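Read the structure below first, then the notes.
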Amino acid sequence: GESVGLHLPTLSVQEGDNSIINCAYSNSASDYFIWYKQESGKGPQFIIDIRSNMDKRQGQRVTVLLNKTVKHLSLQIAATQPGDSAVYFCAEGSGYSTLTFGKGTMLLVSP
Amino acid sequence: DTAVSQTPKYLVTQMGNDKSIKCEQNLGHDTMYWYKQDSKKFLKIMFSYNNKELIINETVPNRFSPKSPDKAHLNLHINSLELGDSAVYFCASSFDRGGGYTFGSGTRLTVV
């Protein structure tokens with residue numbers, strides 16, 4: 001399940017389940033969005049991006065959905081694996097502005 | 001072969017000291033960044049820099065200064081270190097100021 005406490009929101013799933021990580025963004029003028037994965041001791045790594053003129057984009061085992069009406073972004077991971085355990089960040093940008101990152105969600109995958 | 005490399009990976013130092021963190025990218029990107037990640041994993045932009053301009057986040061204390069000897073390097077110099085500077089600092093780079101960034105593996109700074 002999902003929990004929000006003093007620390008990072010955490011989503012715990014079983015191996016093989018589908019995971020959905022949600023993100024609320026703040027700037028209605030943002031024209032692209034990116035999901036990053038950060039494993040322990042490493043820097044954030046690009047997963048997938050989506051432009052504001054799209055509402056869905058698929059990659060390998062991942063799908064990003066964008067709902068501009070409610071300024072909501074989600075990352076769906078199919079058949080989650082232990083190697084997917086990490087902190088996931090959404091980031092928003094527009095034009096030449098620097099990326100602004102969301103707060104992050106920790107995904108824990110148990111075998 | 002690392003695309004964005006930072007040194008050192010760990011840095012432990014005393015309050016009041018001056019230290020630098022180095023960053024190099026071999027991707028041919030023209031814009032580089034420094035982000036600070038706090039204990040709650042929140043990533044906050046500190047600086048962005050390309051050969052045309054430096055953009056400073058106004059919340060960054062002026063004890064922090066980026067130095068770029070060339071477009072492949074953006075070092076971070078910190079004067080008079082304070083306990084609250086303890087964090088993980090990430091360097092990143094991209095083409096122009098838009099699109100996906102490539103991050104380094106981070107420098108964990110601990111001020112004691």
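Keep in mind that the numbers below use all heavy atoms, side chains included, and drop hydrogens, waters and symmetry copies. From a predicted model like this one, the values you see are computed outputs, not experimental measurements. Note on naming: letters A, B, ... go to the chains in the order of the sequence lines (proteins, then strands), and numbering restarts at 1 for each one.
- Only the side chain of B:Q37 comes within contact range of chain A, judged by heavy atoms closer than 4.5 Å.
- The part of B:I45 that comes within reach of chain A is its side chain, from C-beta onward, which places non-hydrogen atoms under 4.5 angstrom from that chain.
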Legend entry - From CA spacing to verdict: side chain to side chain contact (heavy atoms under 4.5 Å, CB included), A:T98, B:Y101: CA-CA 10 Å; A:T98 52; B:Y101 297 0; 3.6 Å; yes
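- Other residues, nucleotides and ligands contribute over 12 non-hydrogen atoms within 6.0 Å of the NZ atom of B:K9.
- Taking chain B as the reference chain and counting heavy-atom pairs below 4.5 Å, the highest number among A:M106, A:K103, A:Q45, A:Q38 is found for A:Q38.
- B:L83 and B:Y10 fall into different hydrophobic clusters, defined by Ile, Leu, Val, Met, Phe, Trp and Tyr side-chain heavy atoms under 4.5 Å apart, directly or through other members.
- A 6.0 Å sphere centred on CG of A:N53 holds more than 12 heavy atoms belonging to other residues, nucleotides or ligands.
- Between chain B and the options A:P44, A:G104, A:G43, heavy-atom pairs under 4.5 Å are most frequent for A:P44.
- Taken together through direct or relayed side-chain contacts under 4.5 Å among Ile, Leu, Val, Met, Phe, Trp and Tyr, A:I50 and A:I48 form part of one hydrophobic cluster.
- Taken to the nearest 0.5 Å, the CZ atom of A:F89 stands 7.0 Å off from the NZ atom of B:K41.
- Within residues 102-112 of chain B, the residues approaching chain A closer than 4.5 Å by heavy atoms are, in numerical order, B:F103, B:G104, B:S105.
- Cluster annotation: B:V12 and B:L81 are assigned to distinct hydrophobic clusters (Ile/Leu/Val/Met/Phe/Trp/Tyr, side-chain heavy-atom contacts under 4.5 Å, transitive).
- Cluster annotation: A:V62 is not connected to A:L65 through the hydrophobic network of ILVMFWY side chains, with a link wherever side-chain heavy atoms come within less than 4.5 Å.
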Inset, instruction - Using the side chain to side chain contact (heavy atoms under 4.5 Å, CB included) rule, take B:F42 and A:L8 through it: C-alpha gap first, then chi angles, then the decisive distance, then the call. - result: CA-CA 9 Å; B:F42 185 63; A:L8 215 55; over 6 Å; no
